[in-house]
Amino acid sequence: MVSAHTDSVKKEAKAGFELSVYLAERQPLVEAALDRSIPVIYPEKIYESMRYSLLAGGKRLRPILCLASCELAGGTVEMALPTACALEMIHTMSLIHDDLPAMDNDDYRRGKLTNHKVYGEDIAILAGDGLLAYSFEHVAAETKGVPADRVLRVIALLGRAVGAAGLVGGQVVDLDSEGKSDISIETLSYIHTHKTGALLEACVVSGGILAGASSEELQKMSRYAQNIGLAFQIIDDILDITATAEQLGKTAGKDLQAQKATYPSIWGLEESSRQARQLVESAKAELACFGEKAQPLQALADFITNRKH
Ligand code: FPP
Ligand code: MG
């Protein structure tokens, strides 16, 4: 099935790039690798809880960005697959913890009950911890055909993206800002560049590092990722207002209800959409020097602004 898709991807590449075909090949590849990455052994309930959230669907945008940037810089899918899976493990654990009663207290994620609703808070906390630790082990133990110094750089990059300088820091400022509708655009930007942007940047830059990209190329990839990270968040804020719970697979209208400062609450819906489109255009322009090889990442940037959930 995957090879039939691969053939169609090659045909599409000649005829013009088609993202739906590309995603139809990449998503099952990532899905299968994630499924293989965590088998159920004793004590079963923790592995089942980790798998429940890791395999709950989702667009797999982060792993796909990592694979695409590795290929863009001349590497292969095989070189980046363990890191791609690790990035999805980190993303999943951050959502499990984000949904806990101590944080956002949410009941639904990706159209299913949240982890703590099914397994209890104690196991949900441990499932997040288990996924986080395993993500690093997975990169270190499973990356093949890549010089060790590049793997080490990727591990350091992931640590930084996840910790207080990245996701954790962004989440802290986000929690601090709850109930304050008057936070500044600088604070809002700090939250998003850390809570969402840092991991998206790590996805793209890690792919480049694994492939041996030059520092100049890595800088372009990093700027591409920062721009799509911000655009992604603006769209998220817009969808919270305009999409239904069914479309989102989680509660809609939460930001308004919590009187949260968001891009649309500061700029309005129209200006927010315009800013998102502009960020995507800047992101795509960063990769212009790579020529046709940049098509997947450029199309992914468009996909992010056109998404409906
Ligand atoms: C969703 O934001 C949450 C995140 C993107 C990350 C939250 C980060 C943490 C909980 C820190 C996790 C701990 C480690 C060690 C990484 P949201 O609530 O705005 O979006 P939502 O509507 O999808 O919940
Ligand atoms: Mg949340």
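Here the structure is a predicted model, which means the values were calculated and not measured. Counting begins at 1 with the first residue of the sequence. Every number for a ligand or one of its atoms is a count from 1 in the order of the listing.
- The V162 neighbourhood of ligand 1 comprises atoms 15 (C), 16 (C), with distances under 4.0 Å to a heavy atom of that residue.
- Q278 is linked by a side chain to side chain donor-acceptor pair (under 3.5 Å) to R274, counting only residues two or more places apart in sequence or in another chain.
- For the residue pair S49 and N115, a side-chain donor N or O sits within less than 3.5 Å of a side-chain acceptor on the partner.
- Side-chain heavy-atom separations under 4.5 angstrom define the hydrophobic clusters, and the remaining members of the one that includes I125 are L100.
- Protein N/O/S atoms found under 2.8 Å from the Mg ion (ligand 2), listed by chain and residue number: D98 OD2, D104 OD2.
- The nearest non-hydrogen atom to atom 3 (C) of ligand 1, considering only L132, D98, L131, comes from D98.
- The hydrophobic side chain of V280 is isolated, with no ILVMFWY side chain under 4.5 Å apart from it.
- Interface of R109 with ligand 1, defined as ligand atoms under 4.0 Å from a residue heavy atom, comprises 21 (P), 23 (O), 24 (O).
- If you run side-chain contact (heavy atoms from CB on, under 4.5 Å) between L34 and each of T92, L29, L81, L55, only L55 comes through.
- Ligand-side atoms of ligand 1 in range of Q171: 7 (C), 8 (C), 9 (C), 10 (C), range being under 4.0 angstrom from any heavy atom.
- Between E88 and the options R60, R62, K59, a salt bridge (charged side-chain N to carboxylate O under 4.0 Å, His left out) holds for only R60.
- Both the backbone and the side chain of K195 come within contact range of ligand 1, each with a heavy atom under 4.0 Å.
- Between D104 and ligand 1, at least one pair of N/O atoms sits closer than 3.5 Å.
- Note that CD1 of I304 is 11.5 Å distant from CD of Q233, once rounded to the nearest 0.5 Å.
- Of the residues listed (E48, K45, M50), the one engaging V40 in a side-chain contact (heavy atoms from CB on, under 4.5 Å) is E48, and it is the only one.
- Residue-ligand proximity, L167 to ligand 1, at heavy-atom distances under 4.0 Å covers atoms 16 (C).
- You'll find the ring centres of H192 and F232 outside the 6.0 Å limit.
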